[in-house]
Amino acid sequence: MTTPAIELVGVSKWYGGFQALKEINLSIAERERVVVCGPSGSGKSTMIRCVNQLERHQRGDIRIHGRAFGGGARDDEAIRRETGMVFQSFNLFPHMTVLENCTFALTWVKQMPEAEAKRIAMSHLERVRIPEQAAKYPLQLSGGQQQRVAIARALCMQPRIMLFDEPTSALDPEMIKEVLDVMVELAGTGMTMVVVTHEMGFARQVADRVVFMDQGEVVEQAPPEEFFANPRYDRTRMFLSQIL
Amino acid sequence: MAPDHTPAPPLVFTPRPSAPPPPSTVGVMGWLRANLFSSVPNAILTVLGAYILYVFLEAIISWALVNAVWEAPNRRACLDAVGRSGACWPGVIAWLPNLIYGLYPKDQVWRIDLGALLLVLWALPLFLPRVKSKVAIGLTAVLVYPFLVSYLFLGGEKGWLWMGLVAGSLATFFWVWLTAICEMRTGQGFIPLLVRTLAGPDPIPERARLVRQLAWAALFVTALVIVSRWQLVEVPTRLWGGLFLTMVISGIGITFSLPAGVLLALGRRSSMPLIRGFCVAFIELFRSVPLITILFMFNTMLPLFLPVGVEVDRLLRAIVAVCLFAAAYMAEIVRGGLQAIPKGQYEAAAAMGLGYWQSTTLIILPQALKIMIPAIVGNFIGLFKDTTLVSIIGLFDMLSMARAVGEDTRWLGLFIEPFFFITMIYFVFCFAMSQYSMNLERRLGGGQRR
């Protein structure tokens, strides 16, 4: 059996006395696309943020392509670079142009010559269909455009795994589609994807597996057809009845 | 006949041209009406304000210019000529060199002028177009220029180390201008250009490094030859004074306080308890004590702790005190700026693989410093004016020099004029700083607003 892209073994995390994650076990294969859903406060964001160690977990192991976090800051940085992350609030750097947002990490982290970094950045901006905005500043763009830039920026670092933390929750309805289209296209390229979202249409269309979380636990997981047609737990049924 | 069912042709909409606005809202009259005479109380206030302004300005102008005496041997002559209705400028004119240079020997004053000129020349490439190495030039102006200029101001015997530092500083100055000129004319820096001409367009790294080292060595030797020929008389710091001293203290305070403040602010937000504890203690200690107290402490108590025979220059003590005080204040300003940057920016930087220092210097600080510009410049202006306090520990800054005019036997009692004069000087400097900061804000804010 091949090593999974992401493996969580008995991962727990506390904020003070509050346990946000309760011994999560989850294994995500390479090229697999997983949608994580659940009510707010269920720990889904915390979980995805532990995967690239924006939040540190306190117990258990997280392995990315077989390598576990916790072996010194330098190793952790290297492991983290296997993942790219897209945030709910975009988090583009407002003092840089769209192009600089994309080339920035290439030149500083990967020490790439500027011309090559620009070429890579432009190819990804084209991929998210926004190359004509390269010279603008992020705040001059619409929310949907900003989120697409954020996706391009993450892709520039050539991650093998893409993490999406509610990428469409801060967007107006008519902009959600343009971002989802880009994500669907990305899914078609065989990228390993973990998406925290409430877009059940997207889950149906793209996901290999839907994971439902509540109260810091994985309640159930199943392929989308099965998940939506006959969820096994009452909690899942209640959740689905409220959002569908 | 069948009813006609063809629809009526669509009406064509032609927008009508914009009419000019009513005359009462535009032009000088419109502005006056809208802003100064919009209502009866407003009109009364306007007239009253104009009257007060007139009385005030008229009094100042007639005192400072119309009734003023410009030539007189002493204050008696002034008083005989116009009494107290006009200013007595000859006293200020006679003391002008002292107001600016303090007690610095008259025949050595050119060294101060040269030092100031050097600073202007060093910073000039920063404002020239097509110069690319602006960051490097700016850094050398802050880090390297002080060696050259402190020898220029201090003079005296120079040991080998001191001479080497001064020569290195001068060599850097040559490099700054050679680089600026080369970049403006060819788009390439001086050293890269030299490497290209001497070692070919695509040289082997060893050869390029050799050329680079030789170039620096040549610059350094040239500078060393020049510096070794300089024989500058020593001017002890107790003779420094006036505007010159004010500029030295506030200049050093300003250049030190910003980086030190940034480090302290970062330290205060650090997760390492030892560093955080030190920074918190430092900031709180220096912020909760008046500057005068700190100056006194450094001046009178520091010698008690030092071993016998170790003498720290009084000016140096004052400068250290001002720097530490300013750094503590700056730290809190910077911390405020850092707090205004959303957490998502740190996270996005971290998620892209940037380490702490990279994300701090490249993502967080540029944004934070930009929003802090008004507060930082406000602090600089405050610092510039606070340097007047060093007169307390016996240094002759511009304020003490102004007071000395009225104690001169020829100009006994002449206080208002010199104070008026230095008020103008302070105003010019502070106003220039504030205007520059506004200009900076506008330029940096450029494309980032919605």
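Proteins get letters first, then strands, A, B, ... in listed order; numbering begins at 1 in each.
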Legend entry - B:Arg268/B:Glu284 ion pair, N-O < 4.0 Å: yes
Legend entry - Check ion pair A:Arg74-A:Glu77 (N to O, under 4.0 angstrom): no
Legend entry - Among the listed options A:Lys110, A:Gln53, A:Arg153, the residue most often paired with chain B at heavy-atom distances under 4.5 Å: A:Arg153
Legend entry - For chain A, which residues of residues 345-352 of chain B have heavy atoms nearer than 4.5 angstrom: B:Gln345, B:Glu347, B:Ala348, B:Ala349, B:Ala350, B:Ala351, B:Met352
Inset, instruction - Could you go through the side chain to side chain donor-acceptor pair (under 3.5 Å) check for B:Trp357 and B:Thr361 one step at a time? - result: CA-CA 6 Å; B:Trp357 286 108; B:Thr361 52; over 6 Å; no
Inset, instruction - Side chain from CB out, backbone as N, CA, C, O: work out which of these in A:Asp165 comes under 4.5 Å of a heavy atom of chain B, or both, or neither. - result: neither
Legend entry - B:Arg335 and B:Met372, any side-chain heavy atoms less than 4.5 Å apart: no
Inset, instruction - For the pair A:Asp181 and A:Lys177, find out whether any cationic side-chain nitrogen is under 4.0 Å from an anionic carboxylate oxygen. - result: yes
Legend entry - Partner chain B: residue of A:Arg49, A:Gln88, A:Met157 with the largest heavy-atom pair count (under 4.5 Å): A:Arg49
Legend entry - Salt bridge present between B:Glu183 and B:Arg130 (N-O < 4.0 angstrom): no
Legend entry - Heavy-atom proximity to chain B below 4.5 Å, by part of A:Leu163: neither
Legend entry - Portion of A:Phe104 that has a non-hydrogen atom of chain B nearer than 4.5 angstrom: side chain
Inset, instruction - List the steps, then state whether side chain to side chain contact (heavy atoms under 4.5 Å, CB included) holds for A:Glu166 with A:Thr197. - result: CA-CA 5 Å; A:Glu166 308 208 22; A:Thr197 185; over 6 Å; no
Legend entry - Structural part of A:Phe87 lying under 4.5 Å from a heavy atom of chain B: side chain
Inset, instruction - Can you measure from CG (A:Asn101) to CZ (A:Phe93) and round to the nearest 0.5 angstrom? - result: 6.0 Å
Legend entry - NZ/NE/NH1/NH2 to OD/OE distance under 4.0 Å, A:Arg67 and A:Glu82: yes
Legend entry - chain B contact via A:Thr83 - which portion, at a heavy-atom distance below 4.5 Å: backbone
